[in-house]
Amino acid sequence: MAPDMQSLLDRISAAMQRRTDRGAVASYIPELGQVDPDQFAIAVATADGKLFHAGDALTRFSAQSITKVFTLAIALGRAGDQLWNRVGREPSGTAFNSIVQLEHERGRPRNPFVNAGAIVTTDELLAGREPKEALAEILGFIRAAAGDDDIHINKAVASSETRHGHRNFALANFLASFGNLKNTPEKTLGTYFHQCATEMTTVQLAKAGRFLIGADKGPSLVSQGRVRRLNALMLTCGHYDGSGEFAYRVGLPAKSGVGGGILAIVPGKASVAVWSPGLDHNGNSKLGTEAMERLAREMDWSVF
Ligand SMILES: NC(=O)CC[C@H](N)C(=O)O
C-alpha cells in the first residue's frame, strides 16, 4: 500500500533539513548567490485535487529555467509545429549554457530547454510585440495554471542577470548571426531574463504543473497531445546533460532551474515540486533530486 503522503513528505523534508552536503548555490547571477542554502521544500498536487507540502514550501524562490516549460507551451500554442524549424528536440549532452554545439549545428539549438533553445522560444513568443505584452502573457499563463495570481517577476534578479549575462548575450548574438532570431538580441534577452526571474513558492509551482498531469486533470491550458510531448521533452532534455541520470534515478519527466527548483510530473497522478538551492555539477538541485528519487521510490512512481 502507498504510504501516507503527508507523513512521507515530512520524513523526506526532515532528512533533507539535516543534511550538510547541500551542493553549491548558483553565483553567476549575483542576486541568486545570496540565497540561504539551508532551505528545503517539497509539494505534491494530486490529480484528484489534494495538496500536500513540507519544509519551506511557502517561501518564494527564483523559478529560472523551469519557466521554459511554460513558455514552450505558449510558443507551441502560437506558432504550432513551425517552432521546430528553429529548434530541435534532441537531448544535448552539453551544459545548459554551452556555445560550442550551437556553432557546430549552425544556429539551430538542440532543444527548447538549453538556454539557446529557450532564447529562440522566447523570441518566437515575442512575435514583434513589446516585451511587456509577452511577459504579461507568460505570467498570465503561469497564474492560470497555478490558480493563483500572487506570482510575480523579481526585477532585481532580472537586472542582476542582465548585467552579468555575458554568455546568454553571446548565445543570442550567435543565433542572430545565423538568422535564427526575429527580434534584437537585447529585446529577446530582456524578455528571457525577466521570464527566468519569475518567483514562486514550492506549493505554487506544484499547482502550476497540474496542467501537465494529463488525463484532463487540472486547468486544461493545452491539448492532451501537447501535454504528452511536453512531458517527453522534459524527460529527455529537462535536466540538460544530467537528463539520463535523472531518468535513471527518478524515472519521471521533470524540469530543473538554477534557483534550485525541480518540477516533476507523474502522468495521470500528480505534479511535484521540490526546492533546495544547492546545485550539483550539472546545475540541477542536489537535494531536490535526492528527495524526488526517494519520493518516487516510496510511492512506486515511474513512467517505466
Ligand atoms: N538553468 C537555468 O536555470 C538557467 C537560467 C538562467 N536564467 C540562465 O539563462 O542562465
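This chain uses plain numbering: 1 for the first residue, then up along the sequence. Side chains included, hydrogens not; waters and symmetry mates left out as well; all remaining heavy atoms used. Just so it is clear, the structure is predicted and the values come from calculations on it, not from any experiment. Atoms within each ligand, like the ligands themselves, are counted from 1 in listed order.
The part of Asn168 lying near ligand 1 is the side chain, judged by heavy-atom distances below 4.0 Å.
Among all non-hydrogen protein atoms, the one lying nearest atom 4 (C) of ligand 1 is Ser65 OG, 3.0 Å. Of the protein's non-hydrogen atoms, the one nearest atom 8 (C) of ligand 1 is Glu161 OE2, 3.0 Å. Atom 9 (O) of ligand 1 has its closest protein heavy atom at Tyr192 OH, 2.7 Å. Gln64 OE1, 2.6 Å is the protein heavy atom nearest to atom 7 (N) of ligand 1.
Of all the atoms in ligand 1, the ones that sit under 4.0 Å from a non-hydrogen atom of Phe96 are 1 (N), 4 (C), 10 (O). Remark: ligand 1 atoms within the under-4.0 Å shell around heavy atoms of Cys196 are 7 (N). Heavy-atom proximity to Tyr240, at under 4.0 Å, picks out these atoms of ligand 1: 1 (N), 2 (C). Which parts of ligand 1 touch Asn115 is read off a 4.0 Å heavy-atom cut-off, strictly below it: atoms 4 (C), 8 (C), 9 (O), 10 (O). Those atoms of ligand 1 that come under 4.0 Å of a heavy atom in Gly257, given as number and element, are 3 (O).
The nearest pair of heavy atoms linking Ala172 to Pro185 is CB-CB, 4.0 Å. The two residues Leu295 and Val44 come nearest to each other via the heavy atoms CD2-CG2, 4.1 Å. Shown here for Cys237 and Ser243, the closest heavy-atom pair between the two residues is C-OG, 3.4 Å. When all heavy atoms are compared, the tightest approach of Gly288 to Ser276 is N-CB, 4.1 Å. Here the closest non-hydrogen pair linking Ala116 and Leu175 is O-CD1, 3.7 Å.
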*Decide side chain to side chain contact (heavy atoms under 4.5 Å, CB included) for Asp150 and His152; before the verdict, give the C-alpha distance in whole Å, the side-chain angles of both, and the deciding distance to 0.1 Å.*
CA-CA 7 Å; Asp150 192 16; His152 309 276; 2.8 Å; yes
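Contact annotation: Tyr28 has at least one heavy atom less than 4.0 Å from an atom of ligand 1.
Between Phe178 and Phe174, the ring planes are tilted. Angles from 30° to 60° get that label. Aromatic ring pairs are classed by plane angle as parallel below 30°, tilted from 30° to 60° and perpendicular above 60°; the pair Phe96 and Tyr28 is tilted.
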